[in-house]
There are 2 protein chains.
Amino acid sequence: MSLSGIFPIDRWNFTTQSILNILSEEDYQLLIASQSEQRYQKGDVIFREGAVPAGIFLVRSGKIKKYKVDHIGKEQIIYVANQGELIGYHAVLAEERYPDSASALEASSLCFIPKEDFFEVIHSSPGFSQRLLKALSHEFTVLANNISVFGQRTASERLAIALIVLREKYKDDGRADEEIFLNISRTDLANIAGIAQENVIRLLKEFKAEGILETEGRKIIIKDIKLLVKRANYR
Amino acid sequence: MSLSGIFPIDRWNFTTQSILNILSEEDYQLLIASQSEQRYQKGDVIFREGAVPAGIFLVRSGKIKKYKVDHIGKEQIIYVANQGELIGYHAVLAEERYPDSASALEASSLCFIPKEDFFEVIHSSPGFSQRLLKALSHEFTVLANNISVFGQRTASERLAIALIVLREKYKDDGRADEEIFLNISRTDLANIAGIAQENVIRLLKEFKAEGILETEGRKIIIKDIKLLVKRANYR
DNA sequence: ATAAAAAACTGATAAATATCGTGTTATGGG
DNA sequence: CCCATAACACGATATTTATCAGTTTTTTAT
């Protein structure tokens, strides 16, 4: 079951497009010409905040979290990148160091693209930079939306919103049936929603009691997306 | 006194560049060819969330807030645009409706640029879209940074950070001396930092007691930026 | 299969922050 | 200049959320 028609997730600007959708076949071939695919285990770091970027990464499979670590070691997850998305290109384009770190949420496969190759495609394909502008502008909207969520929403609303967004990201994995299984730890959920891990557990218990979801150990299975949307308090 | 050397505000990615810096003289002339400058009083709305954009706005003078309004009427300020900045171009580039509203924080003068003119410059000047990509990528970094601030910082840290950022934006106004006067209401401050207005007042009182700032009615005068930075708990 | 480690979970308490009620001071229009 | 209105201010209280100090369950590695 898609969210379209139930929760206007696109209209509310919580999702971004796979970069592959904005690439023509030629551009894509050019981009991955000197590719080197690498596998990452769950928890492996792809790049660290402050490092100088040498290129960008295309997520071939798996899920990557982008996050910033606090002065007291607290982690805030900024974004979860899914299969088909590019990561690290903002820093390359802005000619800055990485403003955040990236690591694998689950076993993932990434394709490294040297920044020279990336710039070559940008320079040689005028259409590409326009589509990139469009994609970046949309991503900007998504992030701005997130700021308002943090400023205006309660802990339970933020968790509900995080679950809705994650459900979209996880729905293409595995199971073909209605129930979508989120393979993510309580701690990562807490670091996405910006709340304490213990409260994630308590809130998940509430959601479970309301029939929104089921849990089996670490597994979270979203059962009733409509109720979840109601919990998020959107309209 | 500039922040450089005291607080590495650029390194911490809290500021964005004026778009004028990335425009060549020709591009600039082309952009404002069919300009129509308009004056806005404090509080006047420039555009509203959900509207279809017809073009972009260049801030000639004054300050514009971009914000989202809650289901219960609470306002979250996403960004304060200063003289020299463009607003509304993300929506135009993404071909979306405005994701947020914009209104004047003080009497301002804006120059409207029809979206056709904007696209013409993008298409005709390959350098421009590249510089725009760079600017957008940097803005993205700034927003991502803000998300981590909301997720990781206490109310007083968020207020201190808001004051530091605003100080940079207000320092070119009026007075040439050291003390920078922020012409912004407690409510707007609250809506930037994402805290209750009463708490802004209480925290300002604390900051005053610590010698960080002075208040004269609605006026806020930053006296000691070093202490303010210490309050923000950055390093 | 089993031990060790990690993650999930729980209840009590503390801390942070919002809300409410009310008084006071600024500020802008007539 | 004065009045009306909005903004500022402040204490008391309620609410929300985090922290702490554990126990239990699940997962991982051998």
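Reminder, nothing fancy here: chain letters follow the sequence lines and each chain counts from 1.
One interatomic measurement links the two molecules: CG of Leu203(A) to C1' of dT10(C), which rounds to 14 Å at whole-angstrom precision. Atom CD1 in Ile184(A) sits about 14 Å away from atom C1' in dA7(C), given to the nearest Å. When rounded to the nearest whole Å, the span between CD1 of Ile220(B) and C1' of dA26(C) equals 14 Å. Distance, Ile201(B) CD1 to dG21(C) C1': 14 Å, rounded to whole Å. Taking atom CD of residue Gln152(B) and atom C1' of nucleotide dT17(D), one finds them 17 Å apart after rounding to whole Å. For the pair Leu204(A) CG and dC9(C) C1', the interatomic distance rounds to 11 Å; values are reported in whole Å.
Looking at Lys219(B) and Glu214(B), no side-chain N of the basic residue comes within less than 4.0 Å of a carboxylate O on the acidic one, giving no salt bridge. For Glu49(B) and Arg97(B), the salt-bridge test fails: no basic side-chain N is under 4.0 Å from an acidic carboxylate O. Salt bridge annotation for Arg231(A)-Glu206(A): present, with a cationic side-chain nitrogen under 4.0 angstrom from a carboxylate oxygen.
Arg153(A) forms a cation-pi arrangement with Tyr234(A), by the criterion of a distance under 6.0 Å to the ring centre and an angle within 45° of the ring axis.
Counting only N and O atoms by type, the side chains of Asn183(B) and Arg218(B) include a donor and acceptor under 3.5 Å apart. Looking at Tyr79(A) and Glu85(A), their side chains do bring a donor and an acceptor atom within 3.5 Å of each other.
Taking the six-membered ring wherever Trp is involved, the centroid distance between the rings of Phe140(B) and Phe140(A) does not fall below 6.0 Å.
The nearest pair of heavy atoms linking Asn146(A) to Phe14(A) is OD1-CE2, 4.4 Å.
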Exercise. Base, backbone or nothing for each nucleotide of nucleotides 11-20 of chain C, written B, S, -, heavy atoms under 4.0 angstrom, 5' to 3'?
Worked result: BB----SBBB
Seminar exercise, completed: Going 5' to 3' through nucleotides 22-29 of chain D and flagging B where a protein heavy-atom sits under 4.0 Å of the base, S where only the sugar-phosphate is that close, and - otherwise, we get ----SS--
